Each structure stands twice: as C-alpha cells, then as structure tokens.
Amino acid sequence: MRGVIMKLLILHTDYIEFIAKQKTKIAEDVPEEKRHGRAEEALAVFIAVEKEDEKAKDKIAEKATEEILDIYSKVKAQRIVLYPYAHLSSSLSKPDFAIAVIRLIGNKLKERDYEVIKAPFGWYKAFELRCKGHPMSELSREIRVEEEKKENRALKAEQGLKKSWYVLTPEGDNIPAEEFDFTEYESLKIFYEYETSGTRIMNKEPPHIRLMKDLELVDHEPASDQGNLRWYPKGTFIKRLLEEHVSNIVRDYGAMEVETPIMYDYAHEKLSSYLNRFPARQYVVKSDDREYFLRFAACFGQYLMMHDMTISYRHLPLRLYELTHYSFRREQSGELAGLKRLRTFTMPDMHTLCRDMVQARDEFLRQYRLSMRWMEDISIDYDVAIRFVREFYDENRDFAVEMAKLVGKPILVEIWEERFFYFVMKFEFSINDALNKAATLSTVQIDVENTERFDINYVDEKGEGEHPLLLHASISGGIDRNLYAILETEYLKSLRGEKPSFPIWLSPTQLRIIPVSEKNMSYAEDILEFFREKKVRVDIDDEGDTLGKKIRKGEKEWIPYIAVVGAKEEENRNITVRLRKSGEQITLSGEELAELIEGENENKPFMNIPLPERLSMRPKFRG
RNA sequence: GCCCUGAUAGCUCAACUGGCAGAGCGUCCGCCUCGUAAGCGGAAGGUUGGGGGUUCGAGGCCCCUUCAGGGCUCCA
C-alpha cells in the first residue's frame, strides 16, 4: 500500500520569524533577501515530504493545498509560511522532489491570491514563533494519496483545462465560435455543438448496428468481453480492403512498415511514466508473476524501436508504420457503441521523427492531405477541427489558415491555454452520424514530449545527439470506425430516398448474375467466368427462386450491378444490367460493363469475392 | 464504472391482470421454370440469455448474473 507521502505540522501563530544561517549540501539556492522572513498572524506550515512515488506530485500538492486552506480559513489566519521541516519524517523524499512539491504548493496558494512566504529548503535556520494556543492552533496532518489504479491521471488535469473555440475560415478570419454564423454550415454546427455540449436526448440506437448485422458484416460476440466483435466474411473482407488501402497510402508516402508486440510490462520504467499521460484503462495479461498491459496504439513498440535505432539528421523525416491489429482500450462499458467505440479495434498508426518545427509542419501538412484523400476514397463528408496550445497557435496562425484553405470550408479551432497533453497541436477529421453525434476518424498530432521521455535521438551535423519532434498519425483513424462512418452515412442517404451503397471497391459482390430460368444457366456461367477473369467480383444466383425474389435479394445486399440473363441476352450475346445508383436498366456487352466497373476500382486494392460464387453454396451467417 | 431499459425459434417480433409458447421470414422437402424488390404447399425448429426464489401454476413477480441499447461520465 502506498501510504503517507507528506507530513504537515500546522501552527497558528502571532508571528513567525526565521533566518537561514548556513547551507547544507542539499540547500536550494535562494537570493540573500529571501533568507530571512517574518510574518504576523501567520499559519506556519512545517512540511516533510516523504519518500514516495513522484507520479503523485500534482495530486499530493493539491491535497496539501486544500488542507492548508481549510485550516487557514477556520482559524482566520492572514498569511501562510511554508517551512520545510525534515524532522517530521524518518523516510524523506529526494530533496529535489521535496523542493518541487513545496514550490508547487506555494504557487497554488499564490495563484489563489494568498500571501505566502517560503523558508529556504536545506538550510540550517534559526526560527522563533509564538503559537496562539487556541484549540485549533496546533494541528498535524498526514496527506495521503490512495494508490490510484493504473489509469486516469491526465484526465483529471484536463478537467481544469481552459479552452476556447473559434471558427477559422479559408479566408483567414478567426471568429469566436459563439459569434459564427453557422447557417450554411450545418454539419460544422452539429460538430461544434457536440464538442461543446455533447449531451442530448436521443433514445435510439445508432442505425449502423442494425445494418452491420443485417448485411452479415459484423456482430456481437457475447462469449467475449464487451466491445469485442465477431466479423463475418463480408465484414472481414471490407475491413481487409480498408486496411490494405490505408497501408498502401502510408507505405507509398515513405513509411517503413514494422510490427511490434501487443503487450508490455507494466513495470517498465519508461512505459509507466508514459501511461500516466493516458487516461485509458488497460487490459491486463498475467504471465508467470508479471503483469502486462495490452497496447492501446503502436506508440510503445515504435518508441522502443526508435530508441535503439541509430539515426542521423540525414534520415529525417523518418517514418515508422504499423497497422495495429489490434489496439485495446478498456473503455467504460457504458461508452461502448457498435462499431463506433470498441475495446478491441484496428488502427493504422504512423510515427514520424522530425528535425525541427519547420519539418514537422511540413510533414503534418502532407499527412493532412493524405487524410483528405482517404476521406474522399471512402466517400465520406467530414469536418475539420484543429486543437492548439495557445502559445503554439499564436506562432502558427498561417499554418491553421492553410488547413482551412485546403479543405475549402470553415474549420473548428480549439485553443488550450496550457499544454496538458504531450502535444502542442493536432487535427481531427470528424463525421456526424445519423443521431447527430460526432466521431473522429483521421488525426495527426505534434508531440513535443515523448522523444525525450523515451530517449529517442538523432545525431545532428555537429555530431551531437538531439531529441527530434514526433508526429503521431492515423491517416484513416480506426478501421472499424470507418465502417461505422460508411454505414451511418449510407443510412442517412436512405432517409433521403437514395439507395444506400458501398463504394464499388468495397462491395463484396460487384456484379450479381441472375439467370431468368434454369435454361439460361450455361450462358450465365460463361458470363461469370468472363468477369472473374476480368477481376470483377461476380457471383451467380443459381437458386430456385423467382426472378423478382432474386432481384430483391440482390438489392437487399446493396449489390451495385445486377445482370439478368435470359433468352434475349443469350441470343444477342449481351447483358442487361440493373444499376443500383440510378435504378435504370441498360443493355451492353461484357467488355463495356467490365470497363465500367474497372474504372470505379481504379487505384484501389482488389480482393476476390469472399464467399462462394454460387449462392446455392452459401450458408447464412445470421437469420 | 454508475443509472435506466431490454433479452421469447437461425432472424424480426407476438403472447390481456401469473393459466396449453405463436406468426412472418429463413432452413429442409415437394410443386412451379418464371423478364427486374417477396410464386404455391408441407415439415422440422424452443430448457422463453443463465442461476436461484415466490406460487397449485412463472415468458410475465423477487434476488443474483451475462450480454445489448440509451443516459451520465469518457473518447490519448
């Protein structure tokens, strides 16, 4: 059990006066004038900081501050003297840590406009005081911090974070979001409102959940932990293509693909300090007597790899990439939602080392463009949010404007007064779902902290080691979440009377062949063969249903091209195709149709049809 | 994690206040061989999520539990 971290002896005094006489070897440097102090009507706070985990610094300082103020107000003291007093404890912390904690308490008190005097640390001091002697004038306190579970510290910091919102136009106008006229920017408005209020009564389940089941893509798996899903062949197929496509984009951009372990030792020194920056709850795996946590991204694996690499400034920018199949985040059970938020998910994760901010900005922008391309390839509309630390924003205003220009519409800007996280800025591409909730897909962040923490170095021209800047990039965001975005978007389309569809390159079946009767089977099979060789995903409805029934089946599966072949086609050696998008029927040759489909597949990965070509050979995965 | 709601055939859902567990779709068998979103007939299919309790009797009431959806919270 982690227990006592700090002991306080608190005296309400008529006065206290001290003079620092002589340095010890751990003395803090203080200017001459601060070596002496006197305060009337003071609360004298004698402090011993004990040997304990430094991670608790903020927390312990906060609690101590609260204790002091509690007593201060009860006894109606007028000022506070913080007096380092080692003799309260036999188990002292390191001097540096103690100094830091006491300063922190001092600062916290000053921030709240209390008059504070600090006696110098590590000096032999003479002091004199007169204790008031009323019942509350002599108190001791032990400040304890419960062992916090391995979670959730950065979060608490965020709660006190001051943030402000703006809308930045492509013309470069930066307007406080409250004053912005959202009339023509409905989706940005929804996004902004979701970000700032979040709460709304929407007692419906997101429509993608029904769709992912009905289309036999993905399903719940009650035998697993919550938020771990079962992927049927068609879902797996779409997922693989998305993965392959985003990986291709990232590799073509120049990232080196790697693979790193999915679990890490809790006790690893660097990782544990990193974990404190992350509010997530982890899955824990036991192996012998050790505990490992499952990664929530590829960060660790790549940091540790980069730490061991020998990197010259000539190698920068340097990019490592991994498709994290899987990442694990033990989200609170109430937060899980279909494909939107999972406990086990797949996400591309790239880290780019950059020499300086100029290079980092350049890479950031290139990755921004890659993300734009991604969104276009999956046919999803999005809004952009950029989040900055104030100081960084003031220096990089032009940069933000450029991002608004690139997407050609106003974007949301959030500004933090202080840097609570490890990054100074990030962008996010966000989509609105059918319930007007927002979800982040693509995101890139500029990290100014972790190369130091993980001791990642490159050697500059002078032969000296330097910590580079680090970009975290997920060009597509979570793959699962991309499918959620597609399904929600298509659902919204169906509400507008349009037919929902997958982009052609993601359609499990691109072309369905329906013979009018068994007499036409042989011709239908010729066509099947033809398209298979043309790399079109084609299948054939060889079951005993009526034509109408088969059409209905095909439409329910969102098949983009449905070819009906009967005596007419057989005679003319052509095909009559029903086009899902327009609903029209056209007759054309096999070559023409193949060209049409190939055109829509361009520059996208291809995989063969994930199910038997004959429908009569297909099992039902669900209902 | 907390609060609310829910779980009945493979799927979607019925079953009045506690009184014989049902339909449509799908599956299987047979008929039909069909021109652009459901052809016809028949059969099989259930420890009502799991466990415990109350009751002459529980799908429906009580307790526990698992999973799902929503709200809070959270979203690196």
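Bear in mind that the values here come from a model prediction, so they are computed numbers and not experimental data. Letters A, B, ... are given to chains in the order of the sequence lines, protein chains preceding strands, and every chain is numbered from 1.
Summarising the base pairing, rG60(B) is matched to no nucleotide, lacking a Watson-Crick or G-U wobble pair whose two defining distances lie under 3.5 Å. In this entry rA7(B) has rU66(B) as its Watson-Crick or G-U wobble partner, both defining distances falling under 3.5 Å. Across all strands shown, rC2(B) forms a Watson-Crick or G-U wobble pair with rG71(B), both key distances being under 3.5 Å. Of all nucleotides present, none satisfies the Watson-Crick or G-U wobble test against rG46(B) with each distance under 3.5 Å. When Watson-Crick and G-U wobble pairs are counted only if both distances are under 3.5 Å, rC31(B) pairs with rG39(B). As the counterpart of rG26(B), no nucleotide is assigned, since no Watson-Crick or G-U wobble pattern has both distances under 3.5 Å.
Residue Lys340(A) is out of contact with every strand shown, counting any heavy-atom pair closer than 4.0 Å. Looking at heavy-atom distances under 4.0 Å, Ile209(A) makes contact with sugar-phosphate atoms alone, never a base. Residue contacts for Gly334(A): at a heavy-atom cut-off of 4.0 Å it reaches a base atom on one of the strands shown. Counting any heavy atom pair closer than 4.0 Å across all strands shown, Glu569(A) reaches a base atom. Residue-level contact check: Thr443(A) touches neither bases nor backbone, having no heavy atom under 4.0 Å from any strand. Nucleic acid contact for Gly554(A): none, since no nucleic acid atom lies under 4.0 Å from a heavy atom of the residue. Note on Arg210(A): only backbone sugar-phosphate atoms sit closer than 4.0 angstrom, heavy atoms only; bases stay farther off. Note on Ala567(A): a base of the nucleic acid sits closer than 4.0 angstrom, heavy atoms only. Using a 4.0 Å heavy-atom cutoff across all strands shown, Lys213(A) reaches no nucleic acid atom at all. If you check every strand for non-hydrogen atoms under 4.0 Å, Gly583(A) touches nothing.
A sub-4.0 Å separation between OP1 or OP2 of rU36(B) and a side-chain N or O of Lys568(A) is absent. Phosphate proximity of rG39(B) to Thr546(A): present, with a side-chain N or O under 4.0 Å from OP1 or OP2. Not one side-chain nitrogen or oxygen of Lys553(A) sits closer than 4.0 Å to the OP1 or OP2 atom of rU36(B). In terms of phosphate contacts, Arg622(A) brings a side-chain nitrogen or oxygen within less than 4.0 Å of OP1 or OP2 of rU12(B). Regarding contacts with the backbone of rA68(B), a side-chain N or O of Gln226(A) is found under 4.0 angstrom from either OP1 or OP2. At the phosphate of rA37(B), OP1 or OP2 sits under 4.0 Å from a side-chain N or O atom of Arg578(A).
Nearest to the side-chain atoms of Ser517(A) among the listed nucleotides rA76(B), rU33(B), rU36(B) stands rU33(B). Distances were taken from every side-chain heavy atom of Arg329(A) (C-beta onward) to each of rG35(B), rA76(B), rG71(B); the shortest belongs to rA76(B). In the set rC74(B), rC67(B), rA37(B), rC74(B) carries the atom at the smallest distance from any side-chain atom of Glu335(A). The side chain of Arg580(A) sits closest to rA37(B) out of rG35(B), rG69(B), rA37(B). Distances were taken from every side-chain heavy atom of Arg343(A) (C-beta onward) to each of rA37(B), rG1(B), rG70(B); the shortest belongs to rG1(B). The side chain of Lys549(A) lies closest to rA38(B) when the candidates are rU73(B), rA38(B), rG35(B). Taking every side-chain heavy atom of Tyr422(A) into account, rA76(B) is the closest of rC74(B), rC34(B), rA76(B).
Comparing the same atom, P, in rC62(B) and in rC74(B) gives a spacing of 33 Å after rounding to whole Å. One C1' atom belongs to rG53(B), the other to rA58(B), and the distance between them is 11 Å to the nearest Å. Rounded to whole Å, the separation between the C1' atoms of rG45(B) and rC11(B) comes to 13 Å. Taking atom P in both rU47(B) and rC4(B), one finds a spacing of 31 Å when rounded to whole Å.
No option in Phe454(A), Tyr264(A), Tyr422(A) other than Phe454(A) meets the ring pair (Phe, Tyr, Trp, His ring centres under 6.0 Å) test with Tyr303(A). When each of Arg552(A), Lys550(A), Lys553(A) is checked for a side chain to side chain donor-acceptor pair (under 3.5 Å) with Asp545(A), only Lys553(A) meets the rule.
Counting distance only, with no hydrogens placed and no angle test, the side-chain atoms of Glu331(A) and the base atoms of rG1(B) include no donor-acceptor pair under 3.5 Å.
Remark: the Thr346(A) side chain and the Lys239(A) side chain contain an N/O donor-acceptor pair separated by less than 3.5 Å.
Taking the six-membered ring for Trp and the full ring otherwise, the centers of Phe191(A) and Tyr382(A) sit at least 6.0 Å from each other.
A pairwise comparison of heavy atoms in Leu492(A) and Asn432(A) identifies CD1-O, 4.4 Å as the closest pair.
Using a 4.5 Å cut-off on side-chain heavy atoms (C-beta onward), Asn482(A) and Trp374(A) make contact. At a threshold of 4.5 Å between non-hydrogen side-chain atoms, the residues Asp480(A) and Trp231(A) count as touching.
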